[in-house]
Participant: 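Please find one structure pasted underneath; my questions will follow.
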Amino acid sequence: MKQINVSTGKPYPVKIGHGLLSGCGAEMQGIGLYGKALIVTDDNVAPFYLKKAEESLKQSGFAVFSRTLPHGEGSKNFDELVKLINFAAECGFSRSDTFVALGGGVIGDLCGFAAAVYMRGVHFVQLPTTLLAAVDSSVGGKTAVDLAAGKNLAGAFYQPALVVCDLDTFATLPQAEYANGMAEVIKYGFIRDKELLSLLQRPFEEEEVVARCVQSKAEIVANDEFDRGERMLLNFGHTVGHAIEARSGFTLPHGQAVAIGMVIVTQACVKNGLCPPETLDVMHKLLERYGLPTAAAYPMSELFDLMVNDKKSSGDAITFVLPRETGRCELKKLTRAEWTALLS
Ligand code: NAD
Ligand code: GLY
């Protein structure tokens with residue numbers, strides 16, 4: 001088991017290892033939580049892991065309640081949030097009680113936002129069950145729901161009190177979802193961890209790789225909890241990726257779109273002499289190794305207007321994450337004229 005401490009305004013531990021779910025109640029008790037716990041999960045995750053989580057919490061003295069939502073992005077909205085907090089109120093939850101997210105990023109984001117607003121904040125614990133949630137969304141305190149106008153448009157920064165990542169839960173994850181998470185894992189390598197890229201070229205220990213990614217995220221978030229600078233590095237490949245996702249009518253999975261986005265930006269940097277060609281070679285090889293695509297089905301000209309809608313844009317300017325060498329990226333704010341020239 002590995003533990004990484006996240007030094008945000010409210011610091012917390014992230015525990016990563018095999019078989020940790022059955023001990024999640026004891027971990028929660030160990031950081032001083034007690035009373036009622038509301039486990040929020042989805043209908044794919046519940047049949048595999050809800051009972052185990054419930055039993056663990058009960059054994060540690062928690063009064064356990066649960067809500068199982070339909071799986072998928074469609075549940076990440078205000079309707080589900082309101083139902084959740086009404087349920088908590090009906091069950092008599094108070095500010096000393098805890099909301100527990102058992103699932104992927106959808107459940108984590110929704111449950112975290114509910115925890116942030118219910119009684120102006122109750123304790124919140126993340127039990128990530130997807131690779132993406134383990135390496136990215138469960139750490140760092142971004143919580144949100146989607147609006148009709150776009151994804152993640154309403155939310156709060158609200159750090160969990162604890163993250164317990166049981167790597168055994170990945171055994172039931174569909175291969176496509178695992179690949180989505182691998183796109184984010186590969187992203188960490190290119191933005192700041194060249195050694196991780198070497199590890200990924202061979203069969204690897206999940207515990208080591210997930211812990212390296214969480215360590216990176218913890219350091220970035222500790223330096224920039226509220227996403228005003230360094231944290232934007234985590235958007236590598238995402239500005240173009242979000243445009244590709246939108247152009248596909250959200251039929252292309254997020255991880256695949258991010259993979260293509262990373263390639264497009266890297267190709268542009270290589271072409272403009274900002275980055276050595278071997279960075280692109282390493283990227284192609286790794287993405288192919290993990291079943292991720294490396295080319296978009298759309299011409300760039302169809303993506304430009306969609307990129308301006310990105311949350312990271314201000315007016316026509318966008319802060320891009322540009323690879324400068326393998327394992328190092330930098331942030332650069334570019335005007336529309338500059339980024340269209342770079343990417344054309
Ligand atoms: P997800 O939560 O929809 O999970 C993917 C699918 O896998 C779902 O169908 C789910 O039911 C299923 N699943 C989850 N765990 C499983 C398991 N162990 N076994 C079998 N099936 C399982 O998606 P995700 O990729 O985990 O997260 C995507 C969401 O995360 C998006 O809403 C995105 O906006 C958000 N996100 C948030 C942050 C953040 O910092 N808060 C970062 C990245 C992404
Ligand atoms: N997933 C991006 C962030 O946490 O900032």
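Whatever order the structure lists ligands and atoms in, that order sets their numbers, starting from 1.
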Participant: Under 6.0 Å from the ring centre and within 45 degrees of the ring axis: does the NZ or CZ of K10 meet both conditions for the six-membered ring of Y158?
Facilitator: yes

Participant: Apply side-chain contact (heavy atoms from CB on, under 4.5 Å) to D146 and N77, showing your working.
Facilitator: CA-CA 5 Å; D146 302 332; N77 58 44; 5.7 Å; no

Participant: How far does NZ of K142 sit from CG of L234, to the nearest 0.5 angstrom?
Facilitator: 7.0 Å

Participant: Measure the spacing between NZ of K217 and CD of Q215 and express it to the nearest 0.5 Å.
Facilitator: 13.5 Å

Participant: In sequence, state the C-alpha distance, the side-chain angles, and the governing distance for M262 and I186, and then conclude on side-chain contact (heavy atoms from CB on, under 4.5 Å).
Facilitator: CA-CA 10 Å; M262 290 193 290; I186 292 168; 4.3 Å; yes

Participant: Please report the interatomic distance CZ(R212) to OH(Y188), rounded to the nearest 0.5 Å.
Facilitator: 13.0 Å

Participant: Would you mind listing each N/O atom of ligand 1 next to any protein N/O under 3.5 Å, plus the distance?
Facilitator:
unit_1	atom_1	unit_2	atom_2	d
ligand 1	2 (O)	G105	N	3.1
ligand 1	2 (O)	V106	N	3.1
ligand 1	9 (O)	N44	ND2	3.1
ligand 1	11 (O)	D42	OD1	3.1
ligand 1	11 (O)	D42	OD2	2.7
ligand 1	11 (O)	N44	ND2	3.0
ligand 1	15 (N)	T129	O	3.3
ligand 1	15 (N)	T129	OG1	2.7
ligand 1	18 (N)	T129	O	3.0
ligand 1	18 (N)	T169	O	2.9
ligand 1	18 (N)	T172	OG1	3.4
ligand 1	19 (N)	T172	O	3.3
ligand 1	19 (N)	T172	OG1	2.7
ligand 1	26 (O)	G105	N	2.8
ligand 1	26 (O)	T130	OG1	2.7
ligand 1	27 (O)	G105	N	3.1
ligand 1	32 (O)	E73	OE1	2.7
ligand 1	32 (O)	E73	OE2	3.3
ligand 1	32 (O)	K76	NZ	2.8
ligand 1	34 (O)	K76	NZ	3.0
ligand 1	34 (O)	N152	ND2	3.2
ligand 1	41 (N)	D109	OD1	2.9
ligand 1	41 (N)	K142	O	2.8

Participant: Can you tell me which residues line ligand 2 if we count any heavy atom under 4.0 angstrom from one of its atoms, in chain and number order?
Facilitator: D136, K142, K217, R231, L234

Participant: Can the ring centres of F124 and F99 be said to be less than 6.0 Å apart?
Facilitator: no

Participant: Show every salt bridge (Lys or Arg N to Asp or Glu O under 4.0 Å) that has at least one partner inside residues 239-248, sequence neighbours left out.
Facilitator: R247-E302

Participant: Provide the full list of salt bridge (Lys or Arg N to Asp or Glu O under 4.0 Å) pairs with a residue in residues 157-183, sequence neighbours left out, each pair given once.
Facilitator: none

